[in-house]
2 protein chains.
Amino acid sequence: MVGVTMPQSTMPETTMRIGELATRSGVSVRALRYYEEQGLLTAERSDSGQRHYPERAVDRVQLIQMLYGAGLSSRTILELLPCVDAGVNTPESRARLAAERKRIDEQIAGLIRTRDRLDAVIAVSENPANGCTLIHD
Amino acid sequence: MVGVTMPQSTMPETTMRIGELATRSGVSVRALRYYEEQGLLTAERSDSGQRHYPERAVDRVQLIQMLYGAGLSSRTILELLPCVDAGVNTPESRARLAAERKRIDEQIAGLIRTRDRLDAVIAVSENPANGCTLIHD
DNA sequence: CTTGCCTCTGACGTCAACGTCAGGTCCTAG
DNA sequence: CTAGGACCTGACGTTGACGTCAGAGGCAAG
């Protein structure tokens, strides 16, 4: 056991402001504020009200981006993130995770079908001999 | 050679109206009219102005749906469909097809990464022992 | 002929994930 | 101390793919 209980709380905690987080995570400042508005991202505030983020915020933002990219809505992401954060382990949360995993699986399958279909079109486009055959399937 | 040149032009050409096409292709009537508005779908018109579609429209609508599902915009789909229809074979059209195929490929790769990430979360959620390790990548 | 369902053309509403602008504050360099 | 860049909070604008409603016409059955 080498200090598993307390995640590096002795570090100087280098923080950054919203602009740096934006450039480092590759999203806009506006998007970050939007994420906070949706409850997906929290920030410490300085006395003057400026947001300050720890390093791990970069990773979190990228995770959020991944989930957005997978077609999840902010509401759904909001429901999933607690599972990530605290390892919430209710039956509902696990069902939720499984459901979204399944959704993503199906989405991948659909995309593969689409790609195959596009490949057929490309094949025709590069060899226009037998066009009729694969269009009507 | 068994009549490859003329696609079955002697058939009675069973047609359907918009409602049937909608139910059979699984989209709304509104969506079909929208597709037509975007130039993705054409229809014969009866004297009274009602749309009539041939059987193959079902397939075409499903293709359109696939492409929408792959995240393509109607403008992009509009640019791709001529390649399907007429086998248009310009360098540009082939480049276009290849580009969209690549986009879909990347999208699939991204989704797989997301799924893997979600799998990691799920693993934690079902065995909360070693939580900290995989969250920060 | 009427009833009921389908269809037509506008045209406005919606929703999510931001973009953009306004008007003011903060803070660091010179 | 001051200039200019980063930041703040509203708040309205945008875009795409439709939903929805209004008002009118078409069509097969009874």
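Keep in mind that this is a model prediction, so the values were computed, not measured. Sequence lines set the chain letters: A, B, ... in the order given, protein chains first and strands last, and positions in each chain run from 1.
Taking the charged nitrogens against the carboxylate oxygens, A/E55 and A/R60 have no contact shorter than 4.0 Å, which rules out a salt bridge. Ion pairing of B/R96 with B/E100 is present here, as a side-chain N (NZ or NE/NH1/NH2) and a carboxylate O approach within less than 4.0 Å. With respect to the salt-bridge test (charged N to carboxylate O, under 4.0 angstrom), the residues B/E37 and B/R33 do not qualify.
For the pair B/E36 CD and C/dG10 C1', the interatomic distance rounds to 14 Å; values are reported in whole Å. One can place CD1 of A/I18 at 13 Å from P of D/dA6, the figure rounded to the nearest angstrom. One atom, CD1 of A/I64, and another, C1' of C/dA16, lie 15 Å apart when rounded to the nearest Å. Note: CG (B/L78) to C1' (D/dA17) measures 15 Å, nearest angstrom. Remark: C1' of C/dA16 and CD1 of A/I77 are 11 Å apart, rounded to the nearest angstrom. Atom CG in A/L32 sits about 13 Å away from atom P in D/dT9, given to the nearest Å. The nearest whole Å value for the distance from the CD atom in B/E20 to the C1' atom in C/dC6 is 12 Å. Taking atom CD on A/E37 and atom P on C/dG19, their separation rounds to 13 Å, with Å as the unit.
If B/R17 and B/S73 are placed on DNA chain D by their nearest nucleotide, the residue sitting closer to the 5' end is B/S73.
Which of C/dA17, D/dC8, C/dT7 sits closest to the side chain of A/Y34 comes down to C/dA17. When each of D/dG19, D/dA17, D/dA6 is scored by its nearest atom to the side-chain atoms of B/S28, the top-ranked nucleotide is D/dG19. Set against D/dC18, D/dC7, D/dC27, the side chain of A/Q50 has D/dC7 as its closest nucleotide.
Between B/S48 and D/dC27, a side-chain N or O to OP1/OP2 separation shorter than 4.0 Å is present. At D/dA17, one or more side-chain N or O atoms of B/S74 fall inside 4.0 Å of OP1 or OP2 (strictly under the cut-off). Phosphate contact (OP1/OP2 of C/dT9, side-chain N/O of B/R45, threshold under 4.0 Å): present. Of the side-chain N and O atoms in A/R33, none sit less than 4.0 angstrom from OP1 or OP2 of D/dA11. Contact annotation: B/Y35 side-chain N/O to D/dC18 OP1/OP2 distance is under 4.0 Å.
Considering A/R101, A/R103, A/K102 as possible partners of A/D105, the one that fulfils the salt bridge (charged side-chain N to carboxylate O under 4.0 Å, His left out) test is A/R101.
At a threshold of 4.0 angstrom between heavy atoms, the contacts of A/S46 with the nucleic acid are absent. Contacts of B/L72 with the nucleic acid, taken as non-hydrogen atoms under 4.0 Å apart, involve only primed sugar atoms and P, OP1 or OP2.
Applying the 3.5 Å distance criterion, the base of C/dT20 shares a donor-acceptor pair with the side chain of A/R30.
Listed for the B/T76 side chain is no donor-acceptor partner under 3.5 Å among the backbone atoms of B/L72.
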